[in-house]
Each structure stands twice: as C-alpha cells, then as structure tokens.
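First up is the structure itself, then whatever we jot down about it.
First listed ligand is number 1; within each ligand, the first listed atom is number 1.
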Amino acid sequence: MKDRSDLNAAAGFAHQSVKHESAHLHVTGRADYTDDLPEPAGTLHAALGLSKIAHGRITTLDLDPVRAAPGVIAVLTADDVPGSNDISPAGHGDAPIFAGPEVMFWGQPLFAVVAETRDLARRAAALARVEYEALPHFLDPIAARDGGMDYVTAPLTLKRGDVRAGMAASPLRLEGRLNVGGQDHFYLEGQIALAVPDAEGMTVFVSTQHPSEVQHMVAHALDVPANQVVVNVRRMGGGFGGKETQMNLFACVAAIAARQLERPVKLRPDRDEDMSATGKRHDFVIDYRAGYDKHGKILAVEGDFHARCGFSADLSGPVTDRALFHADNAYYYPDVELRSHPQRTNTVSNTAFRGFGGPQGVIAAERIIEDIAYALHLDPLEVRKRNLYQNGQLTPYHQTIEDQILPRIFAELEASADYAARRQAVLDFNAKGGVIRRGIAMVPVKFGISFTATFFNQAGALVHLYTDGSIMVNHGGTEMGQGLHTKIAQIVAEAFQIDLSRIRVTRTTTEKVPNTSATAASSGTDLNGMAVLDACDQIKARLLAHFATAKGIAPDQVQFTPGHLRVGDEEIPFADAIRAAYMARVQLWSDGFYATPKIHWDRATGQGRPFYYFAYGAACAEVSVDTLTGEYVIERADVLHDVGRSLNPAIDIGQVEGAFVQGTGWLTSEELWWDAKGQLRTHAPSTYKIPLASDRPKIFNVALADWSVNAERSIKRSKAVGEPPFMLGISVWEAIGHAVASVANYRIAPRLDAPATPERVLMAVERLRS
Ligand code: MTE
Ligand code: HPA
Ligand code: MOS
C-alpha cells in the first residue's frame, strides 16, 4: 500500500501505516485486560447460577446447599437488587438481572454466589436445587409466530412504489425461503467485570463497548445517581458487538455484590457459561418474492424477515431495522416492500454482531440475484451489474444514492482477480465430472454508515497538552483491537505536527467524557476522531492567537510545522512553544464535540436519510468442494474494499481480512444448535467451530480502493471499515453453491441455507443429483 501522506513520514500522521498502539504489548503478552489488573486486597469472586429450562416457572429454589458450601460469603437473588432488576438497554423493562419466578430461556441467570475464590464460587453454584413447572417453549421464529408469540418490539415496513402492481406486471417471478444461522461472537477475552466499592461510590472495570451504558445500568441497579459510578475500560480482547449490551449483566452482578459486601467483587464466567448466557447474532428465516425480466433486471421485491430475537428486546429493534436497510444490498428495486418480524423466542436474547442485521439483509439480496441468474442461465455477476444502483435512485427507505462507486470496484477487481478466465477454468474443470468440484463468485457490498437512531451519532473528547509538549487524549470510544486509539493518535499528531510518540490515548472512562455512545456501527473513528479534532482545533486557535498577539503579527503568520511552531520568522521547538504559552496563561487543554450532520430518519413513515454515507467493496472467492463428503477449501479470495482516504492502510487491511474471515465463518463452519428442550449444545470450542488459521483462503489478496475519497466531510475523508467487509464472506458461500450446482449442470439454483456446513453441502449435492 503506498503511503499517500505528503507530510513527514516519520511522524505517524493520518494516512500512514503506523503499527497498532498496543501491538508490542499484544505480542509480548503485556497488554492489560480487565482480568490482568491487580486485584485490590479482599477481592471476592462471583459465579452465576443458570436456569436449566427453556420456559417455566420456578417452584423450588433451594440455595441452602450453595450457602453451606466451602468459601461461600453470600448468595444473591432478585431480592438483593437494591434498585431496578432490569438491564434492558432501551428501557423495555423486559431483561431481568436475576430471573424469577418465570424463566424465559435455558441459561438464564437465577442467582449469583460470591466466594473466596472463583473455583469455590463455581462449585457452590452447581449445588443449587431448582425445580420448575414447565411451560410451552418456542425456539425458532417460525414456531414462535405460529405459536402466537408476540414481537419483542415494534416491526418495521419499508416500501416504495407498488409492489403488488410491480410483481403482477413482471414477466418472470420467483420465490423462496432462506434460513440464515446466527453466530457466537467468540471474543477471545470473555465477559468480565471487577467492581470496587468505596465510601462515595463504585468504580467498575469491565470489558465493554459501552461504558456510559454500564454506568447507567449499575446506577439503576444500585439505586444511586449516575455520578456515583465510574466505568473504566482500557481495552477489550474483542467485542464484535457482543459487548455492546451483554456486559451489563456482569457489571451489575459484580456491583450489587460489591455494595452488599463492601468488598471488591470480580465476575468472570467461563466460556460455556458465557456462550449460554449471552446473546448472539440473530438467525433469520427470510421469505422472498421477486419479479424480474428476461435480462435479469429486478422489477419488484417483497420480503418477510423473521428474526430469532430471544426472550427480550435488547437491540433487536435496530438490528431487524438494519436487516431491512440492507435487503437491497447494492441493487435498485423499482417496487419494493420489506417487513421485519422481530419474534420473541425462548432463547437467549440476541444482540449486536458485526454488521448488526445488515449481513442478514444483504444475503437475501444475493440469494435473489443468484436465483435469477440460475433461472436465466446467466453469470450471477452479470445479473449483479445489471441491477447496481445508479446515482439519483432511491433506496427502499427513500435515501438518494449519491456516491456509487461499485462499477469501478467491479471493473478493477474483475481484472485483478482475472475473473472471466478463472470462471471459464472452473466450468471446464467441473465439466470433467470429477468428485471435486469448483465454484467461483463475485459479490459486492454497500453498507450504510451511521447509527440508525440519529441521536447516537455524537461524540466527545478531552485533549490535554502538558507543559513538556506531550499530549494525553481521551474520547468516548473504546479499543477492542480495531485500532481506534491508533487512528485517533495519528489525527492528533497531524493536528499539532508532532511525533506520534508524544501522544498517549488513555483508557476510556466515564469520568473524562460523559454520555458517550457505544463504540459500534463502525463509527468509532468517524465520531470520536471528529470530536478529538475539534478539541485540537480549539487549543491550536488559542496558541495561534496568543503568539500572534504577543509578537504583534497576523494570526496566519503563526503556523504549526513539523515538531515546531513557526512564529513569524522564528522556528520554536514545539515543547518550548507550549511552555511559553503556559507561562503566558494560555489554556492548554480542551474538550471537543461532534454530531454527524445531514442525517435524519422517521421510523413511522420508513423514510429519511439514516446514513451519512455508504462504504463499498467487493470480493471474488473460489472454492473446491468434495462432493462425496461435503468438505470444502477456499482456494483463493480477492478483495477490493473502499475505506475512502484510509487513515491507516495497515490497520484497515487488517480489519478487511478479519471481517472477511469472520464472515466466512458465519456462513460455513459456525453452527449454533439448540436441542428440542432449548439447551444450546454448541457452547464451547469443542462443538462450535470458528475458522482456524488453516481455513483462511489459500491465496488471499486484499487491497483498498486507494483512489476513493469520502464525498462527505468525514474525518480526513476516510470511511468506516469495521463492519462492511464482513459481508464479503458471502462470496465464499455463493462459490460453494456454484460448485454444488455443477452436479446438476447449473440447471437448478443450489439454494444452500447458511451456514453451509459440510453436512448441508452434502445434502444439497444429494438433492440436486436426485
Ligand atoms: N476488530 C477487532 N479486532 N475486534 C473487534 O471486536 N469489532 C467490530 C469492528 N472490528 C471488532 C473489530 C465491530 S462489530 C465494530 S462495530 C467496529 O469494529 C467498532 O469499532 P470502530 O467503530 O472503531 O470501527
Ligand atoms: N449499529 C450498531 N449498534 C447499534 C446501532 C446500530 O445501528 N443502533 C444501536 N446500537
Ligand atoms: Mo458492532 S455490531 O456495531 O459492535
């Protein structure tokens, strides 16, 4: 990746590939995660007692054996919550910390035990005697709908034009059902919280994407004002959306115990408990209908998006909304109606996960394209190109497309991946009729950037310039490995024209920047970067004004130059200039604030401009499939992704690679499986398979569209990168389908459900053969 900075390359300014601020700590094992913090004297350890029924009423809850176990200090139930026993993020009031008497899913927390050690707490928790009266349970969204279960939150409809008329006027029509599985976050660092009480309040160290929400949840649970709770997070070992709301439980339990016992309490569930008790990506059942013409042009689309939301609302409203917002992916639907069905089920409440419902919408669009292509015997890429949005066209939510760049991305990727020749080679290879079949697919993504709840699109920052010329930066975003703090430091280095080594981004804390939004929706850098820049600009303006006045020159005679402040003809080393400004009583620190302009969204009418801009990309994947076993290998993947003017190409490429692999995991090996009684049976790495290093594409070419510039005034004209490339994993899923379809000479659409595990692939091969 070429370095596009015209500034001093050694300094680590924006647009340079500097290393992640903690890379050396990560690889040497010295990076502190919450569990690595020194435990204060007297720290106790909590463990959760989880339900063992999918739906029922507790008839007996005998915790005496737990209390009598060695090392146990206390046992907590709903009766021990001083304030509100509710951690529902949007105030739905449907998510208890401790359940009872009604239990809504297998794995729901019923009580906590606090003991001298974590091991003793876990052993004691297993001794509880719980009896239930079973109630009917519904595990999947269609069963829930047919069983008369309600929605967890209000559904959404997006429509434009007249879908009935459009469908009736279409010369060709198709319909189908697509089942899309969920996904566990499998962050390497699990959920964890350490609550430390003192006479004036509570300090919580927790692995969270949303410190402000933890602050509020803990305050409500303890029945104290928010100003008595401080929440700190230095870094997470991955969040992926799984720590946007899910850590509220762990933070509140630790804090309630800490307050009751007036001792620090740590809660760190093990992997099985973490996977059983925390929400995941929503599984969807999507019923779609499409009208089209003989050229493969889409004329009308109708879709019903049934989501397994779990027992409570959590973020299911915005997640299912975002599925609809992305059910067009990159294609124009002349007449369209899309409906969400956020179904309540007796499973753990599903939550944010990279893409936030978007992937489940995009995959429906790609399934429709694929079905049309197979019906017309066209290359799916041809059908894609014929349906791409043109600038000026409206999305189903009536936002005008203004920044379409996919034609260029497709053209460049087709050339660099040698798509046409390789597709012909795949067809020739399959024509020989062997056991191994190959498949190839090229798939685009268009992803809307902004929180769809407009008010979340704000951020704050606090920048301190010390008299030695070093800078401490704080902002509302959290670091989960994505490189946010690195990019922020680069922005500050460039603002003051000083070396990156002079800048330190400190832990996120509710003490410094209040009322923050979750670090989510890929907008961490967009929002916090702008707020930090605002703070820097205020300090810079004061410095310029001061030196101009002091020397009696015009403000534009004072400039920040690399490592210096130029005042008239004089080059003053940066630290000396700062020291001089301090002596002259210039304020050397500032807050900063940003609110995204232009966006608005009216959910009642289903119209607005929910997204500030779109991020684009495309991937071409080639696979080989063993038609006797259903196993497959990703032979090659080529990705061309749009991050506008990259703030840090090395970090952005890492994000694209990671997202692509996580996206393929979702659609291939990662399968969540509940038994008939509602117990999640894939709750550990032994049964739940995330991609291994050996599962990555054998050839993996990832490039950024380095000519792209954000058409909107984003931070340094970059674009958000965290989530959009996740959906490029769909190329692998469709390539597998292509290989499968070869056994019936491509006459029948493969219609693989997701995840396309080897079993499903084998069943699809058998189905197409018969
Ligand atoms: N990258 C790493 N290494 N770890 C993570 O947990 N989360 C993803 C993405 N990339 C994640 C990640 C998700 S779901 C989001 S929304 C964004 O990072 C959040 O960070 P950002 O807004 O700063 O990009
Ligand atoms: N994306 C991610 N997280 C969110 C969103 C969103 O649009 N809205 C609320 N939390
Ligand atoms: Mo990401 S799912 O918005 O945390």
Fill in: Distance from atom 1 (Mo) of ligand 3 to nearest protein heavy atom, with residue and atom
Glu723 OE2, 3.6 Å

Discussion item. Tell me whether Arg160 forms a cation-pi arrangement with Tyr397, defined as NZ or CZ under 6.0 Å from the six-membered ring centre and within 45 degrees of its axis.
Written reply: no

Discussion item. I need the atoms of ligand 2 closer than 4.0 Å to a non-hydrogen atom of Thr452, numbered in the order shown.
Written reply: 7 (O)

Worksheet item: Identify the closest protein heavy atom to atom 10 (N) of ligand 2: which residue and atom is it, and at what distance?
Response: Glu244 OE2, 2.6 Å

Worksheet item: Based purely on interatomic distance, does Ser450 place a nitrogen or oxygen under 3.5 Å from a nitrogen or oxygen of ligand 2?
Response: no

Worksheet, complete the sentence: When distances are taken from atom 23 (O) of ligand 1, the protein heavy atom at minimum range is Gln482 NE2, 3.0 Å

Worksheet, complete the sentence: When distances are taken from atom 2 (C) of ligand 1, the protein heavy atom at minimum range is Met480 O, 3.6 Å

Practice prompt. Inspect the contact between Asp32 and Arg234 and indicate whether a charged nitrogen and a carboxylate oxygen are less than 4.0 angstrom apart.
Written response: no

Item to complete: Work out which heavy atom in Lys689 is nearest to a heavy atom in Ser669; give both atom names and the distance.
Response: O-OG, 2.8 Å

Fill in: Side chain, backbone, both or neither: the part of Ala521 lying under 4.0 Å from ligand 1 by heavy atom
backbone

Discussion item. Pairs of nitrogen or oxygen atoms closer than 3.5 Å, one from Arg354 and one from ligand 3: do any exist?
Written reply: no

Worksheet entry | salt bridge (charged side-chain N to carboxylate O under 4.0 Å, His left out) assessment of Glu712 paired with Arg717 | CA-CA 7 Å; Glu712 297 296 343; Arg717 301 279 176 170; over 6 Å; no

Response to the item:
Candidates Ser522, Gly239, Gly483, Gly722; heavy atom nearest atom 16 (S) of ligand 1 found on Ser522

Item to complete: Kindly confirm or rule out an N or O of Arg354 lying under 3.5 angstrom from an N or O of ligand 1.
Response: yes

Item to complete: Assign the ring pair Phe186 / Tyr688 to parallel, tilted or perpendicular, where the plane angle (0 to 90°) is split at 30° and 60°.
Response: parallel

Item to complete: Would you kindly specify which portion of Ser523 sits under 4.0 Å from ligand 1, judged on non-hydrogen atoms: side chain, backbone, both or neither?
Response: backbone

Worksheet entry | Test of proximity, Thr519 against ligand 1: N or O pairs below 3.5 Å | no

Worksheet item: Asp283 side chain to Val180 main-chain N or O, any donor-acceptor pair under 3.5 Å?
Response: no

Discussion item. Quick check on the 6.0 Å ring-centre criterion: do His306 and Phe284 meet it?
Written reply: no

Response to the item:
Atoms of ligand 2 under 4.0 Å from any heavy atom of Ala520, numbered from 1 in the order shown, are 2 (C), 3 (N)

Practice prompt. Answer with yes or no whether Gly658 contacts ligand 1, where contact means a heavy atom under 4.0 Å from a ligand atom.
Written response: no

Worksheet item: So, do Trp601 and Phe325 have ring centers that fall under 6.0 Å from each other?
Response: yes

Worksheet item: What are the atoms of ligand 1, with element, lying closer than 4.0 Å to any heavy atom of Gly524?
Response: 21 (P), 22 (O), 23 (O)

Item to complete: With heavy atoms only and a cut-off of under 4.0 Å, state how Ala521 meets ligand 2: side chain, backbone, both or neither.
Response: both

Item to complete: Answer with yes or no after comparing the ring centroid distance for Phe611 and Phe447 against a 6.0 Å cut-off, counting only values under it.
Response: no

Fill in: Gly481: numbered ligand 1 atoms lying under 4.0 Å from its heavy atoms
2 (C), 3 (N)

Worksheet item: Could Lys243 and Tyr187 be counted as a cation-pi pair, given that NZ or CZ must be under 6.0 Å from the ring centre and within 45° of the axis?
Response: yes

Worksheet entry | Residue, atom name and distance, where the atom is the protein heavy atom closest to atom 12 (C) of ligand 1 | Gln655 OE1, 3.6 Å

Item to complete: List the closest protein heavy-atom neighbour of atom 4 (O) of ligand 3: residue, atom name, distance to the nearest 0.1 Å.
Response: Gln209 NE2, 2.8 Å

Practice prompt. Determine the sole option in Thr278, Thr208, Thr351 for which the side chain to side chain donor-acceptor pair (under 3.5 Å) test with Thr245 is passed.
Written response: Thr351

Fill in: For Gly238, the ligand 1 atoms whose distance to one of its heavy atoms is below 4.0 Å
6 (O)

Fill in: Whether Glu723 side chain and Ser522 backbone form a donor-acceptor pair below 3.5 Å
yes

Worksheet item: For Phe614, is the NZ or CZ atom of Lys446 found under 6.0 angstrom from the centre of its six-membered ring and inside 45 degrees of the ring axis?
Response: yes

Response to the item:
Quick look: Ala521 vs ligand 3, heavy-atom contacts under 4.0 Å, and the answer is backbone

Item to complete: Assign the ring pair His20 / His26 to parallel, tilted or perpendicular, where the plane angle (0 to 90°) is split at 30° and 60°.
Response: tilted

Item to complete: Would you mind running through ligand 3 and noting each atom that sits below 4.0 Å from a heavy atom of Phe353?
Response: 2 (S)

Discussion item. When you measure from the side chain of Gln343 to the backbone of Arg308, do you find a donor-acceptor pair of N or O atoms at a distance under 3.5 Å?
Written reply: no

Worksheet item: In terms of residue, atom name and distance, what is the protein heavy atom nearest to atom 8 (N) of ligand 2?
Response: Phe451 CD2, 3.6 Å

Discussion item. Less than 6.0 angstrom from the centroid, inside 45 degrees of the normal: does Arg281 satisfy that with respect to the ring of Trp666?
Written reply: yes

Discussion item. Within the 4.0 Å heavy-atom shell around Arg322, which atoms of ligand 2 are there?
Written reply: 7 (O)

Worksheet item: Looking only at distance, does Gly241 have an N or O less than 3.5 Å from an N or O of ligand 1?
Response: no

Discussion item. To check your reading of the model: name the closest protein heavy atom to atom 15 (C) of ligand 1, its residue, and the distance in Å.
Written reply: Glu723 CG, 4.1 Å

Worksheet item: If you measure every N/O of Phe240 against every N/O of ligand 1, is any gap under 3.5 Å?
Response: yes

Response to the item:
Within 4.0 Å of some non-hydrogen atom of Gly241, the atoms of ligand 3 are 2 (S), 4 (O)

Worksheet item: Contact between Ala520 and ligand 1, counting heavy atoms under 4.0 Å?
Response: yes

Item to complete: Give a yes/no verdict on a cation-pi contact between Arg344 and Phe311, requiring under 6.0 Å between NZ or CZ and the six-membered ring centre and an angle within 45° of the axis.
Response: no

